[in-house]
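So the structure is just underneath, and the comments pick up after that.
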Amino acid sequence: MAILREELDDWLRIPSVSTGGGDAAALARACDWVCERIDAAGGSAEAITVDGGHPIAIGELRCSRRDAPTVLSYGHYDVQAPGPAEAWDSPPFEPTERDGRLYARGSADDKGNFLPLLHVACELARSGELPVNVRFLVEGEEEIGSRSVLKRLSAGEDQADCAIVFDSLMIDERTPAITVAGRGLARASIEVRTAERDLHSGLYGGAVLNAAHVLLAMLHEVAPDAAGRARPELSAGVTPPAPGELESWRRLPPGREAIAAVGAAEVTNGAGDQFYERTGAQTGVDVNMVSVGEPRTIVPSATRNTAPYSGFGCSRRACTDVMCGTRRRQA
Ligand SMILES: [Zn+2]
């Protein structure tokens with residue numbers, strides 16, 4: 001355990017920020033750090049780049065059994081910029097323990113999550129007990145859209161029998177979870193222009209198109225209904241949850257509590273009882289931002305366009321014993 005913690009501190013101290021242009025030297029160091037660990041455990045690893053992107057650590061630990069399946073394990077060594085220094089109680093790249101928790105940029109996303117997997121796989125390989133071939137793919141662009149990895153994967157590299165992504169959530173401090181499927185994400189920026197310039201609402205209101213009203217009418221057409229359900233066309237092709245998934249969700253803390261814990265309100269009475277089904281197996285539609293107008297007497301002529309965004313939707317989660325087993329082995 002002490003070794004694992006030392007390793008984690010070492011990795012967290014590398015300020016491998018990828019956002020805002022990134023820190024190339026630190027990114028390379030964090031990537032090499034992964035390769036060195038795989039090499040030292042008797043595996044093979046190298047840092048590769050795709051079209052000049054941030055390096056990806058590609059490695060493999062082989063099991064001695066010939067017919068063993070190959071598991072691809074994904075993680076990312078890049079982190080987001082730490083933001084204002086005064087918002088941190090301890091420096092973002094100096095791991096600090098407070099009340100049993102470790103604080104540092106990347107401690108929860110994704111170095112802290114991924115390291116136990118890397119560590120255990122390396123230990124099992126060293127002792128000749130690795131039951132499967134483990135292929136690693138640890139990237140440095142997750143926080144900025146994963147371009148290099150997507151190119152590499154779509155080129156058909158890194159074939160495996162299954163993949164595990166070590167970059168997701170636990171249900172709570174005591175309930176580990178394995179995410180078995182992810183919601184996809186489609187996003188659109190809508191810009192509405194209704195006139196050459198803003199006009200005085202006293203002189204023109206009621207006779208000309210108002211960009212804010214047009215936008216609201218458009219959003220009304222695609223927004224979920226009062227029960228929070230997306231339009232049927234937007235849910236076409238959705239796979240209903242399997243009985244095993246429904247059963248695993250019943251073992252999780254009540255959805256009502258999960259909603260209350262973040263200070264939110266149910267979209268409609270009883271929606272909390274379907275929390276996991278709604279967030280794990282159904283289509284969600286959310287307006288992220290509306291930007292139009294000024295606080296004075298105008299008829300707005302255009303909405304303001306917002307910067308493009310990339311990110312991932314929520315996930316389908318299941319409480320599993322597999323993960324509990326892994327955790328016991330680490331302890
Ligand atoms: Zn992450």
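What you are looking at is a predicted structure, and each value in this text was computed from that prediction instead of being measured. Each ligand, and each atom within it, is numbered from 1 in the order the structure gives.
- Residue Asp110 does not count as close to the Zn ion (ligand 1), with no N, O or S atom under 2.8 Å.
- In this structure, Arg256 fails the cation-pi test against Phe275, since its NZ or CZ atom is not both closer than 6.0 Å to the six-membered ring centre and inside 45 degrees of the ring normal.
- Relative to the six-membered ring of Trp33, Arg37 meets both conditions, a distance below 6.0 Å and an angle of at most 45° to the axis.
- Distance alone, capped at 3.5 Å, places no donor-acceptor pair between the Asp110 side chain and the Gly75 backbone.
- For the pair Cys122 and Leu61, the minimum side-chain heavy-atom distance is below 4.5 Å.
- Closest approach between the Zn ion (ligand 1) and any N/O/S atom of His76 involves NE2.
- With a cut-off of 2.8 Å, the Zn ion (ligand 1) has an N, O or S atom of Asp109 in range.
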